[in-house]
Amino acid sequence: MLTSRPRGTEDILPEEVGRWYLLEATAREVSRLYGYREIRTPVFEHTELFNRGVGDTTDIVEKEMYTFTDRGGRSVTLRPEGTAPVVRAFLEHHLEAGGLPVKLFYLGPMFRYGRPQAGRLRQFHQFGVEAFGSRDPALDAEVIALAMDFYNRLALKDLELHLNSVGCPACRPRHREKLQDYLRPRLQELCPTCQGRFERNPLRIFDCKSPVCQEIVAGAPTIAASLCPDCGEHFERVQEYLQELGIDFILDEHLVRGLDYYTNTAFEIMVKGIGAQSSIGGGGRYDGLVEALGGKPVPGIGFGLGLERVLLALEAQGRDLRPDGGIDVLVVTAGAGVERAAVRLLASLRAGGLKADKDYLGRSLKAQMKHANRYPAKLAVILGEEELSRGQVLVRRLDTGTQEEVPLEAAVEYCHRVKETCGG
RNA sequence: GUGGGUGUAGCUCAGUUGGUCAGAGCACCAGGUUGUGGCCCUGGGGGUCGUGGGUUCGAGUCCCAUCUCCCACCCCA
């Protein structure tokens, strides 16, 4: 249909746009407080960037990308996430030249093809940060703190921060082998899905809801036990810093990042009450990514969080984020020959910093008043022929219904004063 | 990609076993108050009943297909 939007997309209507201002303003404010600077990258990139940067074997690349061939025959893709493009820009513009670390944040739409459901859209919006150039666990803690600070400023409650370390390319394979060795004897008992996971991603078996799989996996070796000394030390210190910052977390063995580029810290923030998709943000360290995309080995860490899901959570928690769509003054005309004065007064009201409007449909006085009430406007300035001939106008309060005659030249100042005493 | 549900005025919905079934409330507009809103009363505009086929003398009501939205799975934000 010509009059319906593409599946999985949303129009953000005037009614709702105020809450987006709030999210975006909060994101920018908190980012700058932590020393992160905004970067805006294109919404589409060469497909190859995501194949390499996100990973050929991920669901994102295998079945969720909006990929098409442009008129020049190049394959381009609507960005499904923000990290790869930021890394690309970091390399393309040699941002390390300004000195490390480089701390960036972004805000914008992402695209993933899939069946929409609660908290899942084809076009959605993310706020994310990326910090390049340091392996310091204090930076891991900072990035996590920044995310939590964002939620807190919005007064989001009942969050769970899940934390894990996925090790490094040196120790992760060891853990995987240990896990497979442990599971192999009982492989046949696992549910069909998990039998498939055994080779591909054994860590995900921890997430299985099947009681049998749960029981089997209960005594499995933990990744903590397999971390190499460096990774173990790093993980310990991240936890120490988080405690230092007063940030509660839950150690979660099940938290995984699929790719080799991802190292050490992995975290995810969950909230209940927004449907089956309870993750409202996540991130981690990717010390191998910059190199994988053709740069020198520069470590990095970041997060991405879904703004629609944050909004869902805020609504589920009863936060009223509806913006005020009202105005201060509606200029109302009564009688003939006052239109020019009305246009002039409207301009002065606006010039004087008052939110003001007038009727443009030639409506009756009564209809204009009704309009003022519905807008809603705090005040109605009524221009009547008779009063105007004496240089006067009527200023009516919509809340109390009282009105007063004031000189035209004093109207702006008068409205300014009176509107402050109106409710709201 | 897989599965279940859904689709009637701008919005929320009613519509019995296929035969005045095209309706209600809210919203909108006008009038009641020839220069004044919020309450009330009266009247009015507005719908190819998601779309396309089919069954039937006749379908919003039955069948098929398709699309949408919702929910869940996979996975993720």
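Here is the naming used below: chain letters follow the sequence lines, and residue numbers restart at 1 for every chain. Both backbone and side-chain heavy atoms feed into the values below; hydrogens, waters and symmetry mates do not.
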Can you tell me how far [atom2] of [N] sits from [atom1] of [X], to the nearest Å?
X: A:Asp252; N: B:rC76; atom1: CG; atom2: P; value: 13 Å
X: A:Arg115; N: B:rG4; atom1: CZ; atom2: C1'; value: 11 Å
X: A:Glu81; N: B:rC75; atom1: CD; atom2: P; value: 19 Å
X: A:Leu314; N: B:rA77; atom1: CG; atom2: P; value: 19 Å
X: A:Arg7; N: B:rU51; atom1: CZ; atom2: P; value: 19 Å
X: A:Met110; N: B:rA77; atom1: CE; atom2: P; value: 11 Å
X: A:Glu64; N: B:rC75; atom1: CD; atom2: P; value: 11 Å
X: A:Met369; N: B:rG38; atom1: CE; atom2: C1'; value: 9 Å

Among the candidates [options], find the nucleotide nearest to the side-chain atoms of [X].
X: A:Gln126; options: B:rA77, B:rA72, B:rC75; result: B:rA77
X: A:Leu365; options: B:rG35, B:rG3, B:rA77; result: B:rG35
X: A:Tyr113; options: B:rC71, B:rG1, B:rG35; result: B:rG1
X: A:Gln117; options: B:rC73, B:rU36, B:rG35; result: B:rC73

* Salt bridge A:Lys419-A:Asp399, side-chain N to carboxylate O under 4.0 Å ->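 Looking at A:Lys419 and A:Asp399, the cut-off is not met.
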* **Nucleic acid contacts of residues 266-284 of chain A, taken as heavy-atom distances under 4.0 Å to RNA chain B** =>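 Within residues 266-284 of chain A, the residues near RNA chain B are A:Gly275, A:Ala276, A:Gln277, A:Ser279, A:Ile280, A:Gly281.
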* A:Leu305 and A:Phe150: side chain to side chain contact (heavy atoms under 4.5 Å, CB included), yes or no, with the steps? -> CA-CA 10 Å; A:Leu305 59 86; A:Phe150 173 74; 3.5 Å; yes
* Asked: Reckon A:Arg120 has a side-chain N or O less than 4.0 Å from the OP1 or OP2 of B:rC76?
  ->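 No, no such contact exists.
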Interface polar pairs with nucleotides 26-30 of chain B, N/O, under 3.5 angstrom:
unit_1	atom_1	unit_2	atom_2	d
B:rC28	OP1	A:Arg374	NE	2.2
B:rC28	OP2	A:Arg374	NE	3.4
B:rC28	OP2	A:Arg374	NH2	3.2
B:rC29	OP1	A:Arg363	NH1	3.2

* Counting Watson-Crick and G-U wobble pairs only, both distances under 3.5 Å, name the nucleotide matched with B:rG1, or none. =>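 Because both required distances fall under 3.5 Å, B:rG1 counts as paired with B:rC73.
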* With both distances kept under 3.5 Å, what pairs with B:rA24, Watson-Crick or G-U wobble? ->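 Paired with B:rU12.
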[N] and [M]: how far apart are their [atom1] atoms, nearest whole angstrom?
N: B:rC21; M: B:rG15; atom1: C1'; answer: 6 Å
N: B:rC41; M: B:rG23; atom1: C1'; answer: 22 Å
N: B:rC64; M: B:rC75; atom1: C1'; answer: 33 Å
N: B:rG46; M: B:rC70; atom1: C1'; answer: 27 Å
N: B:rU33; M: B:rU51; atom1: C1'; answer: 49 Å
N: B:rC74; M: B:rG60; atom1: P; answer: 42 Å
N: B:rG44; M: B:rU36; atom1: P; answer: 25 Å
N: B:rC76; M: B:rU12; atom1: P; answer: 34 Å

* Asked: Does NZ or CZ of A:Lys358 lie under 6.0 Å from the centre of the six-membered ring of A:Tyr360, at an angle within 45° of the ring axis?
  ->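 Here A:Lys358 passes the 6.0 Å and 45° test against A:Tyr360.
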Need one value for [X]: base, sugar-phosphate or nothing, where a base atom within 4.0 Å counts as base even if backbone is also close, heavy atoms only.
X: A:Gln403; result: base
X: A:Leu121; result: base
X: A:Leu394; result: base
X: A:Glu386; result: base
X: A:Ala372; result: nothing
X: A:Gly8; result: sugar-phosphate

* Asked: Would you say the base of B:rG38 and the side-chain of A:Asn373 have a donor-acceptor pair closer than 3.5 Å?
  ->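 Flag unset: no donor-acceptor pair detected.
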* **Centroid separation A:Tyr66 to A:Tyr113 less than 6.0 Å** =>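 Here the rings of A:Tyr113 and A:Tyr66 have centres that are less than 6.0 Å from each other.
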* Using a distance-only test with no angle check, is there a side-chain donor-acceptor pair under 3.5 angstrom linking A:Tyr36 and A:Glu142? ->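 Result is yes, a qualifying pair exists.
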* **Nearest-0.5 Å distance that lies between atom CZ in A:Arg5 and atom CZ in A:Arg7** =>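 That separation rounds to 11.5 Å.
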* Asked: In terms of the nearest nucleotide of RNA chain B, which residue is placed more toward the 5' end: A:Thr402 or A:His125?
  ->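 The answer here is A:Thr402.
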* **Nearest-nucleotide 5' precedence on RNA chain B, A:Gly304 against A:Lys63** =>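 Between the two, 5'-proximity favours A:Lys63.
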* Asked: Could you walk me through whether A:Val30 and A:Leu146 pass the side chain to side chain contact (heavy atoms under 4.5 Å, CB included) check?
  -> CA-CA 7 Å; A:Val30 73; A:Leu146 199 169; 3.8 Å; yes
* To do: Can you tell me which residue pairs pass the ring pair (Phe, Tyr, Trp, His ring centres under 6.0 Å) test with a partner in residues 367-395 of chain A, sequence neighbours excluded?
  =>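 As it turns out, the ring pair (Phe, Tyr, Trp, His ring centres under 6.0 Å) pairs with a partner in residues 367-395 of chain A, which skip direct neighbours, are A:His371-A:Tyr375.
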* Heavy-atom pair of closest approach, residues A:Cys168 and A:Thr263 ->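 Result for this residue pair: CA-CG2, 4.4 Å.
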* Asked: If you take all heavy atoms of A:Leu383 and A:Ala341, which pair is closest and at what distance?
  ->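 So the two residues come closest at CD1-C, 3.8 Å.
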Between the protein and nucleotides 6-11 of chain B, list the N/O to N/O atom pairs that are separated by less than 3.5 angstrom.
none

* Could you tell me which residues satisfy salt bridge (charged side-chain N to carboxylate O under 4.0 Å, His left out) with A:Glu189, sequence neighbours excluded, listed by chain and number? =>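 So A:Glu189 forms a salt bridge (charged side-chain N to carboxylate O under 4.0 Å, His left out) with A:Arg186.
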* Can you find a pair of side-chain heavy atoms, one from A:Leu78 and one from A:Phe68, that are under 4.5 Å apart? ->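 They are in side-chain contact.
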* Asked: Of all residues at least two apart in sequence or in a different chain, which pass the side chain to side chain contact (heavy atoms under 4.5 Å, CB included) check with A:Thr333?
  ->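 A:Val338, A:Glu339, A:Ala342, A:Gln368.
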* Output, in order, the C-alpha distance, side-chain angles, deciding distance and verdict of side chain to side chain contact (heavy atoms under 4.5 Å, CB included) for A:Glu308 and A:Trp20. => CA-CA 9 Å; A:Glu308 279 83 359; A:Trp20 284 88; 3.5 Å; yes
